[in-house]
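Data block below; observations after.
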Amino acid sequence: MSAYENEYQKAIHQPAEFWLEQAQNIDWFEMPTVGLGEDDHGIERWFPNGKLNTCWLALDYHCEQGRGEHAALIYDSPVTMSQKTYTYIELRDEVAKVAGMLAELGVTKGDRVVIYMPMIPEAVMAMLACARLGAIHSVVFGGFAPNELSVRIEDAEPSVIITASCGIEVNKTLAYKPLVDKAVMDSRWKPKHVLVLQRPQCTAELNLERDVDWHQAMSRAEPHDCVPVLATDPLYILYTSGTTGKPKGVVRDNGGHAVAMKYSMLTIYNMPQNGVFWAASDVGWVVGHSYIVYAPLIHGCTTLLFEGKPVKTPDPGAFWRVCQDYQVDVLFSAPTAFRAIKKEDPNGDYLKQYDLSHLKAIFMAGERLDPPTLQWVTEHTQKPVIDHWWQTETGWAISANPIGLEVMPVKAGSSTKPVPGYQIDILTESGDVAQPGQQGFVAIKRPLPPSCLPTVWRNHDRFQSGYLGQFPGYYVSGDGGYMDEEGYLFIMGRIDDVINVAGHRLSTGEMEEVVGAHPAVAECAVIGIHDELKGQLPIGLVVLKDGVDVESGALESELIGKVRDEIGAVACFKHALVVERLPKTRSGKILRRVIRQIADGEEYVVPSTIDDPTSLVEIEKALHLS
Ligand code: COA
Ligand code: AMP
C-alpha cells in the first residue's frame with residue numbers, strides 16, 4: 001500500500017484513533033482523551049474534553065520552546081513601500097497587549113469581535129488577540145460594502161469592531177472608517193466600541209463616546225494571558241456566500257481546527273518548521289485565516305503578509321520578488337492571480353529576473369486551476385504546481401496532492417485525491433454513488449474531519465437543511481464534479497447560485513435581490529459567465545415592469561452602482577441587459593443553467609419542462625449582441 005493509501009485508510013476506518021494521534025502534535029492545556037463526540041444535534045465534535053488556546057499554540061508555545069527569536073511574521077507592503085519583520089517574541093508581546101486592550105474594552109471569552117481591516121500586521125494581531133481571550137473573531141473582507149458589513153454585525157452581535165482608517169488598493173486610498181460608521185448606523189446591533197487604527201495615509205474622525213484610538217489604547221494596555229477554552233468552543237465565525245441574500249456564518253472550533261492546521265502543514269504542504277509560507281490571499285477569506293495566520297504560526301513557520309496585488313504593485317514580478325527576497329518555501333494563491341501575471345508577462349520576462357531556487361512548490365485554490373494556467377506556471381517556474389480544492393466550510397483542503405506523504409502524478413483539471421479524513425463520494429440525484437467519470441454532487445461522508453463547521457452561527461437549521469439534509473449521512477459541498485477510474489477528483493463548478501469571481505465567492509442570489517429591488521425591474525436573473533481573467537463574472541438579465549420607460553444604458557449604470565454600494569466593488573458587477581422575458585420552466589423556475597450555457601457559447605439541451613422555447617432565442621440574441 002502506498003504511503004497515501006495507508007494514511008487515508010487509517011483516517012477513514014479509525015477516525016477517532018487517527019485524529020487523537022494527530023492531536024498529540026499540538027500543545028494542549030488538557031490533552032483530550034476522547035477523539036470524536038457528538039453534540040445535542042447529533043453533529044460530530046472533535047476532542048470534546050480537550051482544553052487549549054489557539055493563540056498559545058501560534059505564539060507562546062514557540063517562545064517557550066526557545067524559538068522566540070525566529071521570524072514569525074513578515075509584512076511586505078509595496079503599496080506603502082514598507083516592510084517589517086516580527087519575531088515570535090515580538091509578535092507574542094504585541095498580541096498580548098492587544099488582548100489586554102480588548103479586555104480593557106470589556107471583551108471576554110465568547111464575545112464576538114468584528115475585524116474590518118486591510119492587510120496589515122494589526123489585522124493578524126487582532127485575530128490572535130481574540131483567540132488569546134477566547135473571544136470569537138469575525139473578519140469581514142475590506143472589499144465588502146457597508147451593507148454587507150452591517151448584515152454581519154447584526155448576525156454576530158459584536159461588542160467591539162476593529163478597523164483601520166484606510167486600506168490601500170492599486171493607486172487609491174480607501175477610507176474604511178466612514179464605511180464602518182454607516183454599517184453601524186444601519187445595523188440594529190450597536191457595538192460598545194469601535195477601535196480604530198490610524199494609518200499615516202488617512203486620518204479617521206473619531207466619535208469620542210464610542211471610538212477608541214488603537215495607538216493611544218495600546219500605550220496604556222497591559223499584556224493579557226491566554227485563556228483556556230474547550231476544543232469545541234468557537235475560534236471564529238467567517239461569513240460566506242450562500243444561495244440566498246443572507247450570508248452564512250461558518251463556525252470554526254478551536255481544537256479540531258488547530259489539529260487540522262498542524263496536520264495539513266506536514267501532510268499537504270510538506271513545510272519545514274523553519275520555512276517561510278506565503279499565502280497570497282487576504283485575511284478576509286478563509287485562505288487568509290488558515291494559511292496566513294493560523295497554520296503557519298501553529299507549525300512554527302514564518303508567515304508572509306503581503307499588502308499588494310500580483311500585478312501593478314508595481315509590476316507582474318511582485319510575486320517572484322517576494323519569493324526571492326524572503327526565500328519563500330511554499331507559495332499559495334488563486335489561479336486568477338497567475339492569470340493576471342501571465343496576461344502582463346506572457347513570456348515570463350519579469351519572472352526570469354528573480355532567483356526562485358528556494359521555492360519548493362506552488363499551491364492553488366479558490367477556483368478550478370484551468371489547464372492553460374497550470375501549464376504556464378509549471379513551464380515558467382519549473383516547480384510542482386498543485387491544485388487543491390476546499391471551502392470556507394472546511395477550513396482546509398478536501399482534496400489535494402499531499403506531497404508530505406507522497407507526490408502523485410498531476411492530472412490537469414483535477415485536484416488529485418481526497419485528503420486523509422475526507423471520504424468523498426460523487427452522488428447522483430437519487431443519492432446513489434456515481435460511476436467513475438459520471439458527474440454528480442460532490443459529497444463528503446460523515447463524520448467530517450476536524451476543522452469542518454459544526455453549525456451555522458445561530459442558525460443550526462440552515463446548517464442542517466443546507467448541507468446535511470439532501471443526502472442522509474453526507475455533507476453536500478455545493479460543487480459538481482466526477483472521479484476518474486484512479487480516484488482523481490475533478491471539480492467542475494458550483495451547482496447552486498454561488499459564483500467565483502477572481503477567487504472570491506459571491507452569491508448571485510444576493511445580487512438578484514439587489515437588482516430586483518430597483519423600482520423599474522419586474523424580475524431578473526444574475527448568472528456567472530466565463531471570464532478569461534477572473535474565472536467568472538456576474539451578468540444581470542432584467543425584465544422591466546410594464547409601462548416603465550427607461551433608457552437601458554442609464555438603467556445599467558444605476559444597477560451597477562446599486563450592486564457596488566450594497567455588496568461592494570469586489571462583486572465586479574459590470575453588465576445588466578434588458579430582455580423581454582426570462583426562460584422558465586412551466587412551474588416558473590428561471591433556467592439559469594441554460595442561460596449560462598448560452599452566454600458561454602456552450603452546447604445546451606432545451607429542457608423538456610421549458611414553458612416557451614422561443615424565450616431562449618431572445619436570450620441568445622440579447623447576450624450575443626451585447
Ligand atoms: N478593500 C477594498 N476594495 C477592494 C479590496 C479590499 N481589500 N479588494 C479588492 N477591492 C476592490 C478593487 O479595488 C476593485 O475595485 P474597482 O472596481 O474600483 O477597481 C474591486 O474590488 C475588484 O477587485 P478584484 O476582483 O480584486 O480586481 P482587481 O482588478 O483589483 O485584481 C486580481 C484582480 C486577479 C489581481 C485580484 O483579484 C487577485 O489578486 N486575486 C487573487 C485572488 C485571491 O486573493 N483570492 C482569495 C482566495 S485564495
Ligand atoms: P470559498 O469558500 O470562498 O473558499 O470558496 C469555495 C468554493 O470555491 C468551492 O466550493 C469551489 O466552488 C471553489 N473552489 C475552491 N477551490 C477550488 C479548486 N481547487 N477547484 C475547483 N473549485 C474550487
Side-chain angles (χ1 to χ4, degrees), residues 79 116-119 123 140-145 164 166-176 179 238-242 248 250 279-292 306-313 316 318-319 332-344 363-370 374 386-400 413-416 442 453 476-481 489-496 498-506 528 531 533-537 560 564 567-574:
V79 293
Y116 186 70
M117 292 182 106
M119 287 283 286
V140 179
F141 176 61
F144 281 124
C166 61
I168 300 157
E169 281 292 290
V170 182
N171 300 328
K172 61 185 175 205
T173 299
L174 296 168
Y176 274 29
L179 308 179
L238 181 56
Y239 288 88
T240 190
S241 301
K248 295 182 273 202
V250 168
S281 176
D282 188 288
V283 288
W285 304 110
V286 68
V287 173
H289 280 62
S290 294
Y291 293 105
I292 295 175
F306 178 67
E307 190 183 24
K309 298 262 173 178
V311 292
K312 300 194 170 63
T313 57
F319 270 27
F332 174 176
S333 195
T336 188
F338 295 93
R339 286 197 299 272
I341 295 171
K342 177 179 151 202
K343 191 163 169 237
E344 296 198 8
F363 282 79
M364 305 223 196
E367 52 173 331
R368 176 171 175 264
L369 172 55
D370 51 295
L374 167 67
I386 294 165
D387 184 12
H388 60 334
W389 169 62
W390 52 301
Q391 308 186 303
T392 304
E393 287 84 344
T394 63
W396 65 301
I398 310 166
S399 69
S414 168
S415 51
T416 317
V442 185
L453 79 173
V476 282
S477 65
D479 281 302
L489 180 67
F490 291 76
I491 297 293
M492 302 308 288
R494 299 287 304 196
I495 41 182
D496 53 14
V498 169
I499 57 171
N500 259 286
V501 179
H504 307 322
R505 175 166 160 184
L506 297 160
D531 179 73
L533 176 64
K534 297 198 174 181
Q536 280 186 300
L537 277 181
I560 291 170
R564 202 179 164 92
I567 297 179
V570 70
C572 290
F573 182 84
K574 304 242 159 93

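We use all heavy atoms of the structure for the numbers below, so side chains are in, but hydrogens, waters and symmetry mates are not. Order of appearance sets the numbers: ligands from 1, and atoms from 1 within every ligand. Model, not experiment: these values are computed from the prediction.
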* To do: Look at the rings of Phe144 and Phe141 and say which category their plane angle falls in: under 30° parallel, 30 to 60° tilted, over 60° perpendicular.
  =>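 Rings of Phe144 and Phe141: perpendicular, as their planes differ by over 60°.
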* Do any N/O atoms on Lys172 end up under 3.5 angstrom from N/O atoms on ligand 1? ->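 Such a contact does occur with ligand 1.
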* Asked: Is Lys534 in polar range of ligand 1, meaning some N or O pair under 3.5 Å apart?
  ->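 Yes: some nitrogen or oxygen of Lys534 is under 3.5 Å from one in ligand 1.
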* Could you tell me whether Val501 approaches ligand 1 through its side chain, its backbone, both or neither, with non-hydrogen atoms closer than 4.0 Å? =>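 The answer is neither.
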* Asked: Any idea which part of Lys312 is under 4.0 Å from ligand 1, heavy-atom wise: side chain, backbone, both or neither?
  ->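 Under 4.0 Å from ligand 1, Lys312 contributes no heavy atoms.
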Using a 4.0 Å cut-off to any heavy atom of [X], which atoms of ligand 2 qualify?
{"X": "Asn500", "value": "7 (C), 8 (O), 12 (O), 13 (C)"}
{"X": "Ile491", "value": "21 (C), 22 (N)"}
{"X": "His388", "value": "16 (N), 18 (C), 19 (N)"}
{"X": "Asp387", "value": "18 (C), 19 (N)"}

* Applying a strict 4.0 Å limit to heavy atoms, is Gly366 in contact with ligand 2? ->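 For ligand 2, residue contact (heavy atoms, under 4.0 Å) with Gly366 is present.
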* Start with the C-alpha gap between Lys248 and Tyr239, add the side-chain angles, then the distance that decides, and say whether side-chain contact (heavy atoms from CB on, under 4.5 Å) holds. => CA-CA 5 Å; Lys248 295 182 273 202; Tyr239 288 88; 5.9 Å; no
* Might you check, step by step, whether the distance between atom 32 (C) of ligand 1 and some protein heavy atom is under 4.0 Å? =>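 Neighbour list for atom 32 (C) of ligand 1 is empty of protein heavy atoms (cut-off 4.0 Å).
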* **Heavy-atom protein contact below 4.0 Å for atom 36 (C) of ligand 1** =>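 It does not; no protein heavy atom is within 4.0 Å.
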* To do: Check each heavy atom of Val286 against ligand 2 and say whether those closer than 4.0 Å belong to the side chain, the backbone, both or neither.
  =>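 Looking at Val286 and ligand 2, just side chain atoms fall under 4.0 Å.
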* To do: Indicate, as side chain, backbone, both or neither, the part of Thr392 found under 4.0 angstrom from ligand 2 when only non-hydrogen atoms are considered.
  =>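 It is both parts that get close, each with some atom under 4.0 Å.
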Identity and separation of the nearest protein heavy atom to [atom]:
{"atom": "atom 6 (C) of ligand 2", "result": "Trp390 O, 3.5 Å"}
{"atom": "atom 5 (O) of ligand 2", "result": "Arg505 CD, 3.4 Å"}
{"atom": "atom 18 (C) of ligand 2", "result": "Glu367 O, 3.3 Å"}
{"atom": "atom 8 (N) of ligand 1", "result": "Phe141 CZ, 3.3 Å"}

Looking at ligand 1, is there an atom of it that comes within less than 4.0 Å of some heavy atom belonging to [X]?
{"X": "Phe332", "value": "no"}
{"X": "Tyr176", "value": "yes"}
{"X": "Gly143", "value": "yes"}
{"X": "Arg564", "value": "yes"}

Of all the atoms in ligand 1, which lie at a distance below 4.0 Å from a heavy atom belonging to [X]?
{"X": "Ser281", "answer": "44 (O), 46 (C), 47 (C), 48 (S)"}
{"X": "Leu174", "answer": "2 (C), 3 (N)"}
{"X": "Ala502", "answer": "25 (O), 37 (O), 40 (N), 42 (C), 45 (N)"}
{"X": "Pro310", "answer": "35 (C), 39 (O)"}

Proximal candidate to [atom] [heavy atom criterion; set [options]]:
{"atom": "atom 12 (C) of ligand 1", "options": "Lys574, Glu169, Arg339", "result": "Glu169"}
{"atom": "atom 20 (N) of ligand 2", "options": "Met364, Arg368, Arg494", "result": "Arg368"}
{"atom": "atom 9 (C) of ligand 2", "options": "Thr416, Leu238, Asp479, Thr394", "result": "Asp479"}

* Report the C-alpha separation of Val286 and Gln391 in whole Å, then their side-chain angles, then the decisive distance to 0.1 Å, and conclude whether the side-chain contact (heavy atoms from CB on, under 4.5 Å) test is met. => CA-CA 8 Å; Val286 68; Gln391 308 186 303; over 6 Å; no
* Could you go step by step and tell me if Asp479 and Trp389 meet the side-chain contact (heavy atoms from CB on, under 4.5 Å) rule? -> CA-CA 10 Å; Asp479 281 302; Trp389 169 62; 3.0 Å; yes
* **Side-chain touch Phe332/Ser281, heavy atoms, less than 4.5 angstrom** =>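 The answer is no, as the side chains (C-beta and beyond) never meet within the 4.5 Å cut-off.
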* Asked: Side chains of Ile341 and Val311: does their closest heavy-atom pair fall under 4.5 Å?
  ->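 Yes; the side chains approach each other to less than 4.5 Å.
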* If only atom types and distance count, is the side chain of Arg505 paired as donor or acceptor with the main-chain N or O of Ser241 below 3.5 Å? ->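 Yes, because the side chain of Arg505 sits within donor-acceptor range (under 3.5 Å) of the backbone of Ser241.
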* **Centroid-centroid distance, Tyr291 to Trp285, less than 6.0 Å** =>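 Not under 6.0 Å, so no.
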